[in-house]
Amino acid sequence: MADKSFDLVVIGAGPGGYVAAIRAAQLGLSVACIERENLGGICLNWGCIPTKALLRSAEIFHHMERAKDFGLSAEKIGFDLDAIVKRSRGVAKQMNAGIKGLFKKNKITSIMGEAKLAGSGKVIVKTDAGTETLVGKNIIVATGARARELPGLEADGDLVWAYRQALVPTRMPKKLLVIGSGAIGIEFASFYNTLGAETTVVEVMDRVLPVEDKDISAFAKKQFVKQGMKILEKTTVKKLDRSAGKVVAHLEDAKGTTTQEFDTVISAVGIVGNVEGLGLEDLGIKVDRTHIVTDEYCRTGVEGVFAIGDVAGAPWLAHKASHEGVMVAELVAGLKAHAIKPNTIAGCTYCHPQVASVGLTEEKAKEAGYKVKVGKFPFIGNGKAVAMGEAEGLVKTIFDEATGELLGAHMVGAEVTEMIQGYVIGRQLETTEEDLMQTVFPHPTMSEMMHESVLDAYGRALHI
């Protein structure tokens, strides 16, 4: 059988891979996309989308419990965990089917199998039907990442869960330990805590959500504790003793080692890139700590081979991967490509309360040598937030005193994952404080707090 030739071969159909395939096809290129498991990758099937479905159920449950606050009555409030999970899986299945439809619409050749680079633009694919070879003028590696497992803390699917088991729980935890307070860990902690699990979060760093601005982390922690979570910072889980129906965790902090008993543990200690078995080393493609090394245009150093998304390193965000996919597709199609600026990419965490940020934290801005102006505005000063019953939150903005450039924006509170895009556009357009001050924000909206935070940085806030 003759080798099949394409203008572009994409390995991996996660957010970056399938978007790259679609954009390339739109530009008239012949495209093949290889995926070993599910179209849409981890994000659509086992990450971003199904976790948001779970969190939406928890959010509605939370509002039902507060019905009296809004002059409403709701009796015998409860939940069906199996039904919550079933809905979440249904959402993922629907989105997966959508990708299949888009591939068909754009005449993309979709192949389910394991791929390996074989040099000279060749990709060997093992499928259920056998082995075939594809030839690509250009190749994109978009194989994503998986949960990191630390020795002694490995998931077993029963007592200790990684994100996959946490998404399809066989039982409702009664006493839960979450190891790691990054986005994945704190989202699961928020979901299970809202549904009634006695939840403890352990973080090795000195604060929860350690990549966020310190003020935002501190505010979020206060809310988590108020909701009943136990937060242990600067603490390490040294080992887990597993026995029938329980896990004894050995927790070490500056005072020494103590033990606590739990019935369920969720390990969320980061990710590792899926670089094994791809033939990267044979081609001379450099890998650093499980992530493929690339330049700002996602080029690997081997002509015609690109890497995008989680496998190519931080920030590990689906929207970053998708944008890289578009960029590379346009680059190989001969269009002018614009390199992505990491400091214009927002990070969003869908815990309760939500957390969102873009650009530099106050600490990082000062470390970079900026003299800064900082503005803050609390949700309690916003009429829409109070009317919604969501008066707990904070918006923080950071400006360069010399130029007025918006260096960073950080939020915690209801709907901030939607609001952050306003500041993202500001960062992309190199907005100054004057631009934002002169912008008319609609009333009554929560977005008015974004305006007030800018005004506060220059001593002009109106409602605090």
Side-chain angles (χ1 to χ4, degrees), residues 47-70 72-92 161-203 208-209 212 216-217 219-232 262-268 348-356 379 385 388-394 411-418:
C48 314
I49 301 303
T51 55
K52 303 313 161 282
L54 293 181
L55 286 160
R56 177 60 170 165
S57 292
E59 180 184 23
I60 292 174
F61 181 73
H62 167 71
H63 289 319
M64 291 170 67
E65 289 189 310
R66 297 177 60 206
K68 188 176 180 181
D69 295 344
F70 297 88
L72 306 173
S73 62
E75 298 178 357
K76 297 182 180 179
I77 299 168
F79 63 87
D80 181 337
L81 186 60
D82 290 341
I84 290 172
V85 172
K86 183 178 180 181
R87 177 181 180 274
S88 171
R89 300 315 306 157
V91 170
W161 299 346
Y163 60 84
R164 289 207 180 205
Q165 292 85 30
L167 276 168
V168 287
T170 56
R171 66 178 185 281
M172 178 64 196
K174 294 179 180 178
K175 192 172 182 181
L176 172 67
L177 171 65
V178 177
I179 307 173
S181 73
I184 295 173
I186 211 67
E187 285 183 0
F188 280 125
S190 189
F191 171 73
Y192 285 107
N193 187 73
T194 299
L195 295 186
E198 183 183 335
T199 304
T200 298
V201 178
V202 170
E203 173 55 55
V208 293
L209 297 167
E212 301 295 340
I216 301 302
S217 292
F219 193 102
K221 177 186 175 181
K222 182 179 178 181
Q223 296 306 306
F224 298 151
V225 171
K226 187 176 179 181
Q227 294 163 20
M229 285 190 206
K230 185 177 181 181
I231 307 293
L232 302 179
F262 302 89
D263 63 79
T264 309
V265 177
I266 296 176
S267 179
C348 297
T349 305
Y350 299 82
C351 49
H352 178 72
Q354 294 179 6
V355 175
F379 275 43
M388 289 177 61
E390 299 288 357
E392 298 289 344
L394 176 69
M411 305 179 181
V412 55
E415 303 306 326
V416 298
T417 57
E418 299 292 336

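What's counted below: heavy atoms across the whole structure, side chains too, no hydrogens, waters or symmetry copies. Bear in mind that the values here come from a model prediction, so they are computed numbers and not experimental data.
Annotation: side chain of T51 is in contact with side chain of F188 (closest heavy-atom distance under 4.5 Å). The shortest distance between side-chain heavy atoms of S181 and F224 does not fall below 4.5 Å. For the pair F61 and L195, the minimum side-chain heavy-atom distance is below 4.5 Å. Residues E203 and I231 have side chains not in contact (no heavy-atom distance under 4.5 Å, counting atoms from C-beta outward). V355 places none of its side-chain heavy atoms less than 4.5 Å from the side chain of C348. You'll find the side chain of L54 reaches within 4.5 Å of the side chain of I84, heavy atoms only. When side chains are defined from C-beta on, F379 counts as touching V416, because their heavy atoms get closer than 4.5 Å.
Qualifying salt bridge (Lys or Arg N to Asp or Glu O under 4.0 Å) partners for R87, counting only residues two or more places apart in sequence or in other chains: none. With sequence neighbours left out, K175 forms a salt bridge (Lys or Arg N to Asp or Glu O under 4.0 Å) with no residue at all.
Within a 6.0 Å radius of CD in E390, more than 12 heavy atoms belonging to other residues, nucleotides or ligands are found. Counting heavy-atom neighbours within 6.0 Å of E418 CD, excluding the residue itself, gives a total of 12 or less.
With respect to the salt-bridge test (charged N to carboxylate O, under 4.0 angstrom), the residues K226 and E392 qualify. Residues K52 and E187 are paired through a salt bridge, judged by an N-O separation under 4.0 Å between the basic side chain and the carboxylate.
Closest heavy-atom contact between P173 and A197: O-CB, 3.4 Å. Smallest separation of non-hydrogen atoms from Q223 and P353: CB-CD, 3.6 Å. Scanning all heavy atoms of the two residues, the minimum distance from P50 to R89 falls at CB-NH1, 3.7 Å. Taking every heavy atom of both residues into account, L209 and S217 meet most closely at O-OG, 2.9 Å. Taking every heavy atom of both residues into account, G196 and M172 meet most closely at N-CE, 4.2 Å.
When atom types are taken as modelled, the side chain of T200 and the backbone of L177 share no donor-acceptor pair closer than 3.5 angstrom. Side chain of S190 to main chain of I186: no donor-acceptor pair is present (N/O by atom type, distance under 3.5 Å, no hydrogens or angles). Remark: the backbone N or O of A166 is paired with a side-chain donor or acceptor of Y192 at under 3.5 angstrom. Using a distance-only test at 3.5 Å, with no hydrogens or angles considered, no donor-acceptor pair links the side chain of S267 to the main chain of I179. In terms of modelled atom types and a separation under 3.5 Å, the side chain of S88 and the main chain of K86 share no donor-acceptor contact.
Here D263 contributes atom CG and E198 contributes atom CD; the two are 9.5 Å apart, rounded to the nearest 0.5 Å. Atom NE2 of H63 is separated from atom CD1 of I77 by 12.5 Å, given to the nearest 0.5 angstrom. Between Q227 atom CD and T194 atom OG1 the span is 6.0 Å, to the nearest 0.5 Å. The CZ atom of F191 sits 9.0 Å away from atom CG of L167, with the distance rounded to the nearest 0.5 Å. Residue M229 holds its CE atom at 4.5 Å from CG of N193, rounded to the nearest 0.5 Å.
A donor and an acceptor atom, one from each side chain of T264 and R171, are located under 3.5 Å apart. Q354 and T417 are linked by a side-chain donor-acceptor pair at a separation below 3.5 angstrom, with hydrogens and angles left out of the test.
Using the six-membered ring where Trp is involved, H62 and H352 have ring planes that are tilted, between 30° and 60° apart.
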